[in-house]
Amino acid sequence: MNKPKPRSVVSILDLTTDEINGLMNVADDIENNPDKYREKCKHKILSTIFFEPSTRTRLSFEAAMLSLGGSVISTADSQSSSAAKGESISDTVKVISNYADIIAMRHPKEGAPVVGAMKADVPVINAGDGGHFHPTQTLADLLTIRRTKGALSNLVIGLCGDLMFGRTVHSLIEAMLRYPNNKYVMIAPSELRLPEYIREELDKAGVDWEETESLEYAMPKLDVLYMTRVQKERFFNEEDYVRLKDTYILDEEKLKTAKPDLAILHPLPRVNEISVSVDDDPRAKYFYQTLCGKQMRMALIMFLLGIK
Ligand code: NCD
């Protein structure tokens, strides 16, 4: 008999707003009472299967599971896994369902984690699929914003850089649209502006949003500035990448017109978009964001495994 499929998270929209808020509350409790959580996932196994490069997302998932007292089995890259022999995602996740209690999966093909979630007998978490979605980065972003700004509403949010291919941007917009009274400034060169389906969603949601190519223009308005890297791996030719990669470089000079309590976020890895001199500015929150990411992944793993 077929068992009912467990819940997976492929898109941030797989979680309700109440569930997201609940996960943030758990993350805050993890911050305040880490000892309470040290054995929550004892005897549970997380498998990380990453068919695309990653350092922090994979390590963050693994650190999250280890901090909960669980164990981790992983295939670090597609070259060292059976995918290199031509195995389908469907077969891979069916096999891993017999070895692990939960799977975190990254894949260059958009939609691959949907297939994984349909075929696996354990929860699957999308750790990034192509230029599509990256829900756990969004959970990290939301917690960082809530902790640094005190709320997820009544904010002016600037998203800057590669808005076309940046999956973290797409997931973050989907999530922020659920919180009331935010305004958005989309800062990108015309070639890298938001995909049409997301522009339509913004219009449909009836929110206040605008597009500009000028970071200088946007800066004084912003409460949150979300910088992103130009996604080299999604470009069809090197020339375009080279021409666009350094369009925006955030430095102390550009921050002169910014609000004193601006929060600067970046999903990392940074290439050139933020000058290292900004790292010591108290408004820089991007390294703190990685800690928020680990705590949110801990909360999500427990939630999907049904552990209170
Ligand atoms: C992001 C990603 O993989 O989409 N990184 C991450 O998960 N920390 C952003 C990026 O690669 O630019």
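These figures come from a predicted structure and were not determined experimentally. The basis for the numbers below is simple: all heavy atoms, side chains too, and nothing from hydrogens, waters or symmetry mates. Each ligand, and each atom within it, is numbered from 1 in the order the structure gives.
- Salt-bridge check for K232 with D240: failed, with every basic side-chain N at 4.0 Å or more from each acidic carboxylate O.
- Checking only distances, T168 never comes within under 3.5 Å of ligand 1, N or O to N or O.
- Contact check on D29 versus K36 returns a salt bridge, with a Lys/Arg side-chain nitrogen under 4.0 Å from an Asp/Glu carboxylate oxygen.
- Once rounded to the nearest 0.5 Å, the distance linking OG of S275 with CD of E253 reads 11.5 Å.
- At least one N/O-N/O distance between T57 and ligand 1 falls below 3.5 Å.
- Residue G128 places no heavy atom under 4.0 Å from ligand 1.
- The proximity of H170 to ligand 1, defined as any non-hydrogen pair under 4.0 Å, does not occur for either the backbone or the side chain.
- The protein atom (non-hydrogen) at minimum distance from atom 3 (O) of ligand 1 is R167 NH2, 2.9 Å.
- Counted by atom type alone, E62 and T48 present one or more donor-acceptor pairs between their side chains at under 3.5 Å.
- Looking at atom 11 (O) of ligand 1, its nearest protein heavy atom turns out to be R229 NH2, 2.8 Å.
- When only modelled atom types and interatomic distance are considered, N25 and R146 share a side-chain donor-acceptor pair under 3.5 Å.
- Distances shorter than 4.0 angstrom occur between a heavy atom of P269 and an atom of ligand 1.
- Partner of E210 under the salt bridge (Lys or Arg N to Asp or Glu O under 4.0 Å) criterion, chosen from R199, R193, K221, K183: K221.
- Looking only at heavy atoms of the protein, atom 7 (O) of ligand 1 is closest to H134 NE2, 2.6 Å.
- Contact analysis leaves E52 out of contact with ligand 1, as no non-hydrogen atom separation drops below 4.0 angstrom.
- Considering only non-hydrogen atoms, atom 9 (C) of ligand 1 lies nearest to L268 out of T290, D129, L268.
- Checked for salt-bridge contact, E52 and R167 meet the test: a charged N lies under 4.0 Å from a carboxylate O.
- Side-chain atoms of E110 come within 3.5 Å of backbone atoms of G131 as a donor-acceptor pair (strictly under, hydrogens ignored).
- Atoms of ligand 1 lying under 4.0 Å from any heavy atom of R56, numbered from 1 in the order shown and given with element: 8 (N).
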